Amino acid sequence: MMQQPAAGAVPPQMAPPPPMAQQQYQYQQPPPPPQSQQPYMAMNLMHPQSQPPPVWPLHQVPAGVPPQQQQPGQPASADEVRTLWIGDLQYYMDENYLLSCFSQTGEVASVKVIRNKQTGQMEGYGFIEFVSRAAAERVLQTYNGTPLPSGESTYRLNWASFSSGEKRDETPEFTIFVGDLAADVTDYMLQETFRACFPSVKGAKVVIDRLTGRSKGYGFVKFGDEAEQNRAMTEMNGVLCSTRPMRIGAASTKKTVPAQQFAKEQCVEMLIIFGPGADFS
DNA sequence: TATGAGCGG
């Protein structure tokens, strides 16, 4: 059941990586694109009503890029899992924005950003359905961890769990806390600062104040390798990121501890469900 | 300033 997508295996036919991948760091804080001049609005996708529909149907996907050929042997079937979950979205990243991010693949079937039912405010995550599982897989492999067009954060993608059951990436990760960050440090800068020395870096997150949109001055870096995590704790402490030396600490609480801890939690859950006298033989 | 983490219909 633990079938992970092959890491790093990027199919050669994949469209060029996301728009900002070439621009390594953007040191100035890029303001959210104002509604009026967003490039992604130039897609004839404006809905006649004031509220955009929650899902853009396939036939409305911009015609700029012709859809890629279906992979031979991988036809889209009704039950095939082809939806990705996307997180870490900023408040202004709506369906149009997401669509523009992935439109160059020509393989987006629908896009949905989740909103609060009461307030209508976006919750910061959404779903992207592709025309095939292969297309979703390619996007997951090539986009995940790369900067969004805005440059301020990185794509956080995973298989959508509702329809996919086991597909979510549950590989272990080891997280550190990074404090004392300069105000202009982005997810991507933080990630690349560490990745230069530690290839197992899986991602980085600068914590943003949801109200002000500004950095709270601290963040987290995830490693795939525990030894690198430990090494980074000492070797990167005091190292400059942007204009200030970072202060590194252990990330507190759960979720840092993978496999073993997970198994333990499962056991506890079994105990709660079946009681201490249960016979599992 | 100092410890995120959000999976719908």
Side-chain angles (χ1 to χ4, degrees), chain A residues 52-58 78-79 81-91 93-95 98 109-130 136 139-140 144-145 152-188 190-191 194 201-223 229 232-233 236-238 241 243-258 261-262 265:
Chain A
V55 174
W56 295 105
L58 178 57
D79 59 341
V81 176
R82 48 188 196 242
T83 301
L84 297 182
W85 176 90
I86 183 166
D88 284 353
L89 299 178
Q90 309 292 318
Y91 68 94
M93 296 174 176
D94 60 4
E95 280 83 1
L98 288 186
S110 69
V111 177
K112 182 177 185 182
V113 168
I114 302 306
R115 292 175 171 79
N116 183 295
K117 282 201 173 74
Q118 270 82 45
T119 67
Q121 192 188 22
M122 289 192 286
E123 298 276 16
Y125 70 94
F127 298 89
I128 306 147
E129 185 194 358
F130 292 86
V139 166
L140 181 61
N144 206 11
E152 62 203 299
S153 59
T154 51
Y155 286 100
R156 184 157 159 239
L157 295 163
N158 206 335
W159 291 105
S161 63
F162 179 75
S163 50
S164 66
E166 307 291 325
K167 292 300 188 306
R168 284 175 75 174
D169 185 354
E170 287 172 358
T171 48
E173 41 195 48
F174 306 89
T175 306
I176 62 172
F177 171 87
V178 184
D180 244 358
L181 293 175
D184 65 333
V185 173
T186 63
D187 292 355
Y188 192 60
L190 188 60
Q191 170 184 290
F194 280 82
V201 166
K202 292 175 77 176
K205 170 120 179 83
V206 175
V207 178
I208 302 292
D209 187 309
R210 269 197 99 164
L211 294 176
T212 66
R214 290 166 169 256
S215 165
K216 287 187 164 181
Y218 65 90
F220 300 87
V221 180
K222 290 186 304 187
F223 300 79
Q229 175 206 34
M233 297 268 288
M236 296 299 278
N237 198 35
C241 182
T243 56
R244 288 165 67 169
M246 297 177 287
R247 186 148 77 195
I248 310 238
S252 55
T253 71
K254 51 182 182 180
K255 297 275 159 109
T256 316
V257 208
Q261 179 72 22
F262 182 72
E265 284 165 4

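Residue numbering restarts at 1 for every chain, and letters A, B, ... go by the order of the sequence lines. Predicted model only: the values in this text are computed from it and were never measured.
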* **Nearest-nucleotide comparison on DNA chain B, the residue closer to the 5′ end among A:Tyr218 and A:Tyr125** => A:Tyr218

* Asked: Between atom CZ in A:Arg244 and atom C1' in B:dA2, what is the gap in whole Å?
  -> 11 Å

* In whole angstrom, what separates A:Phe177's CZ from B:dT1's P? -> 12 Å

* Sort out for me which residue in A:Leu157, A:Asn144, A:Ile128, A:Ile86 forms a side-chain contact (heavy atoms from CB on, under 4.5 Å) with A:Val139. => A:Leu157

* Would you indicate what A:Lys222 reaches in the nucleic acid, counting non-hydrogen atoms under 4.0 angstrom: base, sugar-phosphate, or nothing? => nothing

* Asked: Just how far, in rounded Å, is C1' of B:dC7 from CD1 of A:Ile114?
  -> 8 Å

* Structure fact -> Here the distance between atom P of B:dC7 and atom CZ of A:Arg115, to the nearest Å, is 17 Å

* Structure fact -> Those residues at least two apart in sequence (or on a different chain) that pass ring pair (Phe, Tyr, Trp, His ring centres under 6.0 Å) with A:Tyr218 are A:Phe177

* Could you pull out all residues at least two apart from A:Arg247 that satisfy side chain to side chain donor-acceptor pair (under 3.5 Å)? => none

* Test item: A:Met93 and A:Val113 side chains (from C-beta on) under 4.5 Å apart, heavy atoms -> no

* Mind calculating the distance between CG (A:Asn116) and P (B:dG8) to the nearest angstrom? => 13 Å

* Write down the distance between NZ (A:Lys205) and P (B:dA5), rounded to a whole number of angstrom. => 7 Å

* Structure fact -> In whole angstroms, the gap separating P of B:dG8 from CD1 of A:Ile86 amounts to 16 Å

* **Under 4.0 angstrom between A:Arg156 side-chain N/O and B:dA5 OP1 or OP2** => no

* Structure fact -> Rounded to whole Å, the CG-P distance (A:Asp88 to B:dC7) equals 12 Å

* **Proximity to the side chain of A:Thr175 - top-ranked nucleotide from B:dT3, B:dG4, B:dG8** => B:dG4

* Give A:Phe220 one of three labels, base, sugar-phosphate or nothing, depending on what nucleic acid heavy atoms sit under 4.0 Å from its own. => base

* If you check every side-chain atom of A:Ala251, which of B:dC7, B:dT3, B:dA2 has the closest atom? -> B:dT3

* Contact check, side chains of A:Asp180 and A:Met246, non-hydrogen atoms, under 4.5 Å -> no

